[in-house]
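Worksheet: the structure to be examined is printed underneath.
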Amino acid sequence: MNSLEPDPGAGPVESSGQSNFVRDIIIEDINAGKHEGRVQTRFPPEPNGYLHIGHAKAIYIDFELAAEFGGKCNLRFDDTNPSKEETQYVDSIMEDIRWLGYEWDGLFYASDYFGQLYEWAVQLTKAGKAYVCDLSADEIRAYRGTLTEPGRESPYRNRSIEENLDLFERMKNGEFPDGSRTLRAKIDMASPNLNMRDPVMYRILHMEHHRTGDQWCIYPMYDYAHGQSDSIEKVTHSICTLEFEDHRPLYNWFIENLGIFPSRQIEFNRLNLTYTLLSKRRLLTLVREGHVKGWDDPRMPTLSGLRRRGYTPEAIRNLCANAGVSKTNNIMQLSLLEYFLREDLNKCAPRVMAVLRPLRVVIDNYPDDTVEEVEAVNNPEDERCGTRRVPFSKVLYIEQDDFREDPPRKYYRLAPGREVRLRYGYFITCKDFVKDADGRVVELHCTYDPATRGGNAPDGRKVKSTIHWVSAAHAVDCEVLLYDNLFTKENPNEVEEGQDFTANLNPNSLEILRGCKVEPGLQTAAVGALYQFERMGYFCVDRDSTPEKLVFNRTIGLRDTWARIEQRDKR
RNA sequence: GGGCCAGUAGCUCAGAUGUAUAGAGCGCCCGCCUUUGAAGCGGGAGGCCGCAGGUUGAAGCCCUGCCUGGCCCGCCA
């Protein structure tokens, strides 16, 4: 991405590359000389949960836009509600942002500004623009009115400035119990925008804060804290999601009435994905009710879950780059994320052979005690990755699905009398098969053609397919976890009356395969390492894997044209 | 019922200040290639530009009305 440095002497900055309306606003501002051409954004998570792929879009926009225009992007934790926030979330959020590939300029907390925010609240009170209200939460709601009816003014709205000042100070000093009083902005109880009907600025909460401890017993509300925090940091473009559109008038009201640096809030549409839930609350339900194994379960759309599953930051960033920054509601197809994942993994994942559902093959005419080593390419997409040697012997395992007793039309793999190529090995022909008492094929007897070593026939004869294999005596056993969508519906929230989203959980989202066979080189694979199991998909070593008990997660399967042909023929 | 926002291919988005056959990526279909039925390469089919009026020589872009969808009545963010 080219960087467009603000340079007043170089003429107007022009839009290049893919544009979006936020970027256009920034370019306009630079060209108009606003803030001397300076651009500054921020990513403002609340440390009350784990980041998910929806947050990745915001991170991408905030950091990339700042970088493109030579500006700064701060990380600021929006920690104004001690009842929900914890240090562990702060740590995981920082880890996830870095993993995605971004580094913040300044690290701040809204709680850094509690002192300043308090002074400003006093200032607004002195100006007659804020008052202490003794109404209870229920009463405030009742007085607020409804969408169609104006609210009524609080009976405490017209207290004297002196009394307000005194009461507010005593709120701060802890003289009143939780919920007994609030500080409210005096705006307009008849405003069609509910946010403007004398919003609460401060509430009383005798609760330990993860950073300020017991220093405060009154805490600012989001609306009173966010804009001013932006302003203090001199954020020029405060980019947030659409649900805050209604809050913008209030955001501006505080800044204007305080006469402070005018940060500008701009709202964009959030990211949504098919078959995926992106709501912290619902994700928390999945964890609490045990539908998944934790926040980093590989089926979760959290960044930690995606990371454990084997997703790459590059794939996620590409999805974000492709997600439009606009104001339309959207649901992106999960398959698009998968496309970017495969695109990235195809370039970087070493190839390896692994048999997930083993079928024993005996090569009858191969010498009993011979072990050969055949040379295999590590990554056809990248010559620098070189080659490796893989042991070959008389008894092998192949994939159960690569043999059919009675092959359907267009099935190219092994069947009685058929010849196929063992990748990097030999051509083999199926001569016989053995069934167990249940009628399942448990062993194949084949012959090989010694002239085809390495996989080429000197007589130029062709085979219709190449299959993967592993030498039985040398293979390493492992467990493989196969994942599917967590939900069966594109929109998991679409349910029948009386049900909730858990009704759409996919009962088959996890399949555990034991006794899988991988080539010996994988014995020492490092946790997190990514591989392509040839013809099967991309897999990564799970966090819980050890050399004694290898565990792989299937990150994503390969595109499978055959499966689709078969599906279609069934219909 | 009130306010705010949005409505261009199956999906996500582009379409300066109105001007000729409305573009892209992904998906889909068809070929080619292939020691991964992967990857790669080539081609193709998809669009009452939400609807209806109006302004104009000319409208996806401007105006009006309507329809549809999203958000808003936490001392959450």
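The figures that follow rest on heavy atoms only: side chains count, while hydrogens, waters and symmetry mates do not. Note on naming: letters A, B, ... go to the chains in the order of the sequence lines (proteins, then strands), and numbering restarts at 1 for each one.
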Any idea how A/Phe552 and A/Tyr531 line up, ring-wise: parallel (<30°), tilted (30 to 60°), or perpendicular (>60°)? perpendicular
Indicate, yes or no, whether a donor-acceptor pair under 3.5 Å links the base of B/G74 to the side chain of A/Arg141. no
Which label fits A/His226 and A/Tyr251: parallel for a plane angle under 30°, tilted from 30 to 60°, or perpendicular past 60°? tilted
Report which part of the nucleic acid A/Val377 touches: base, sugar-phosphate, or nothing (heavy-atom distance under 4.0 Å, all strands). nothing
Pick the closest RNA chain B nucleotide for A/Asn193 and for A/Gly425 by heavy atoms, then say which residue is nearer the 5' end. A/Asn193
Is A/Asp246 side chain donor-acceptor paired with the B/G3 base, going by distance under 3.5 Å alone? yes
Taking any heavy-atom pair under 4.0 Å as a contact, classify A/Ile140: base, sugar-phosphate, or nothing. base
Side-chain donor/acceptor contact of A/His468 with base of B/A38 under 3.5 Å: no
B/A38 phosphate, OP1 or OP2: any side-chain N/O from A/Arg342 under 4.0 angstrom? no
Specify the separation, in whole Å, of atom CZ of A/Phe340 and atom P of B/C11. 17 Å
Are more than 12 heavy atoms from other residues, nucleotides or ligands located less than 6.0 Å from atom CZ of A/Arg388? yes
So, under a plain 3.5 Å distance rule, would you say the side chain of A/Gln532 forms a donor-acceptor pair with the base of B/U36? yes
